[in-house]
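Down below is the structure, laid out as structure tokens.
Predicted, not measured: the structure shown is a model, and the values here were computed from it.
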There are 2 protein chains.
Amino acid sequence: MESLKKTFDYLQKEYPHIPLLLDGKRGDIGNTNQGTIEFAFKYLGAHGITLYPLMGQEALSSFLNLKDKGLFFLCRTSNSGAEEFFDLPFSGSHRLLYEQIGLTISEKWNQNRNCYLVLGGTHMDSLKRVREITNHMIALVPGIGHQGGQIASFQNLSESLSKNPLIFHSSRSIIYASKERDFAQKSRQAALEMVHEIQKLGDGLW
Amino acid sequence: MESLKKTFDYLQKEYPHIPLLLDGKRGDIGNTNQGTIEFAFKYLGAHGITLYPLMGQEALSSFLNLKDKGLFFLCRTSNSGAEEFFDLPFSGSHRLLYEQIGLTISEKWNQNRNCYLVLGGTHMDSLKRVREITNHMIALVPGIGHQGGQIASFQNLSESLSKNPLIFHSSRSIIYASKERDFAQKSRQAALEMVHEIQKLGDGLW
């Protein structure tokens, strides 16, 4: 916890122009959410957080009311086995659970324009589909690198990307780039390679 | 965080026979879950934890492999607005999302007999239904007290309760029983009243 606080403090001091996102995957009822809000935004100074949407809009209203924070709702995760619940089809609409989550957040929850989606970079079909039905809502894309997602596979989305960006996210490929004494150098190299891959997708992307 | 650790330490020392459950509502991919496991079970010494099932069995396998811990999966929460996703019907089976969660955990995930469900005490229909289709799986029942759930309304379940208990859970009605200097006394009184209500349901319940 102390290391997390120190990391946030360091990043805020050295790179104040970069938004900081806490991948906490939280989501509870009102008074518990208030504790998370204190911790993430007041104590750590994060600008955004990842959240489970499952408990519904009313439970999450204390997050949704935060007009100047970014709320990234898990819509379709990148992990192997995510299809067990996310890809189940509903009756009537025949939407899959992840489509229903995307639509609900896009059409109902986003009154304050502070909602974003988490769409796994390992599952291009769901990502494209949700972008289509949510008017290309901005999404955080985990699963790049270690989990198998490749930035090059987003080439054919590049037109929509310039207006409605995706935020590519890679953890293990960068922070575990080396276990030797050169870990800082290797991590920097892995991060720069990722930036280079993103820039190849189109002008103005980074 | 320190207060939480102190509370766990105190309870372990004074009441070693009472299982301690961390209502953390966690659930992530493997290596992040490992951090939660360290924190909840090794550092705090909890015996069980509440989890989001949404990312699927494979992602949660590091929890599911813990044979001596209790895993309480959110199946149908007690909060107002929980129906937004939990009560949506799937095509084909026409099961609601919460039924699908209950069945999946009961039939597939519970190889180590360490799985339990969280079923809100404010929504008796879903609770009864999930108990039926999961062979009366043991469940944690939040929402008693402040959120409106009443223990007396479980009277007609008392036969199944003696074999397959429910664990009633009340937070705010107890910890916020008084804001005055008599808070300890009032909290004790609220807890004892709840125990009394539970005992009225049948012999051997507590």
Side-chain angles (χ1 to χ4, degrees), chain A residues 1-2 4 23-33 35-36 39 43 50-61 74-98 100-101 104-105 108-109 120 142-143 146-147 171-172 175-176, chain B residues 1-2 4 23-33 35-36 39 43 50-61 74-98 100-101 104-105 108-109 120 142-143 146-147 171-172 175-176:
Chain A
M1 204 61 76
E2 263 181 58
L4 187 65
D23 184 13
K25 299 189 178 67
R26 295 298 194 269
D28 208 301
I29 53 173
N31 56 336
T32 308
N33 290 336
T36 302
F39 175 73
Y43 175 67
T50 57
L51 296 169
Y52 271 107
L54 208 53
M55 291 178 76
Q57 181 177 21
E58 194 176 330
L60 298 165
S61 61
L74 298 190
C75 183
R76 206 309 185 170
T77 56
S78 54
N79 60 290
S80 171
E83 68 281 1
E84 193 166 8
F85 291 118
F86 281 113
D87 295 4
L88 290 174
F90 287 114
S91 54
S93 68
H94 294 290
R95 279 185 212 119
L96 309 189
L97 176 56
Y98 70 76
Q100 184 67 33
I101 292 173
T104 302
I105 292 168
K108 293 189 188 161
W109 295 18
H146 190 93
Q147 287 184 49
S171 302
R172 281 176 282 178
I175 58 177
Y176 299 142
Chain B
M1 205 62 76
E2 263 180 59
L4 186 65
D23 185 13
K25 299 189 179 67
R26 295 299 195 267
D28 208 301
I29 53 174
N31 56 337
T32 308
N33 290 336
T36 303
F39 175 74
Y43 175 68
T50 57
L51 296 169
Y52 271 107
L54 208 52
M55 291 179 76
Q57 182 177 20
E58 194 177 330
L60 298 165
S61 61
L74 298 190
C75 183
R76 205 312 185 169
T77 56
S78 54
N79 60 291
S80 171
E83 68 281 0
E84 193 167 8
F85 291 117
F86 281 113
D87 295 4
L88 289 174
F90 287 114
S91 54
S93 68
H94 294 290
R95 279 186 213 120
L96 308 188
L97 175 56
Y98 69 76
Q100 184 67 33
I101 292 174
T104 302
I105 292 169
K108 293 190 188 160
W109 295 17
H146 190 93
Q147 287 185 49
S171 302
R172 280 175 283 178
I175 58 178
Y176 299 142

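Note that CZ of Arg172(A) is 4.0 Å distant from CD1 of Ile29(B), once rounded to the nearest 0.5 Å. In this structure, CD1 in Ile101(A) is found 9.5 Å from CG in Leu88(B), a value given to the nearest 0.5 Å. Atom CE of Met55(A) is separated from atom CD of Glu83(B) by 12.0 Å, given to the nearest 0.5 angstrom. For the atom pair Leu74(B) CG and Tyr52(A) OH, the distance stands at 9.0 Å (nearest 0.5 Å).
Side chain of Ser91(B) to backbone of Pro89(A): a donor-acceptor contact under 3.5 angstrom is found. For Asp28(A) (side chain) and Lys25(B) (main-chain N/O), no donor-acceptor pair under 3.5 Å exists by modelled atom type.
Test Glu58(B), Gln57(B), Gln100(B) against Glu84(A) for side chain to side chain contact (heavy atoms under 4.5 Å, CB included) and you get one pass: Gln57(B).
Counting only heavy atoms from C-beta outward, the side chains of Leu54(A) and Leu97(B) approach each other to under 4.5 Å.
Interface remark: Tyr176(B) contributes side-chain atoms only to the contact with chain A (heavy atom separation under 4.5 Å). Of the atoms belonging to Ser80(B), heavy atoms from both backbone and side chain fall under 4.5 Å from chain A. For Ser171(B), no part lies near chain A; criterion is any non-hydrogen pair under 4.5 Å. Residue Thr104(A) touches chain B through its side chain alone, counting heavy-atom pairs closer than 4.5 Å.
Of the listed residues (Thr77(B), Asp23(B), Asn31(B), Leu96(B)), the one with the most heavy-atom contacts under 4.5 Å to chain A is Asn31(B).
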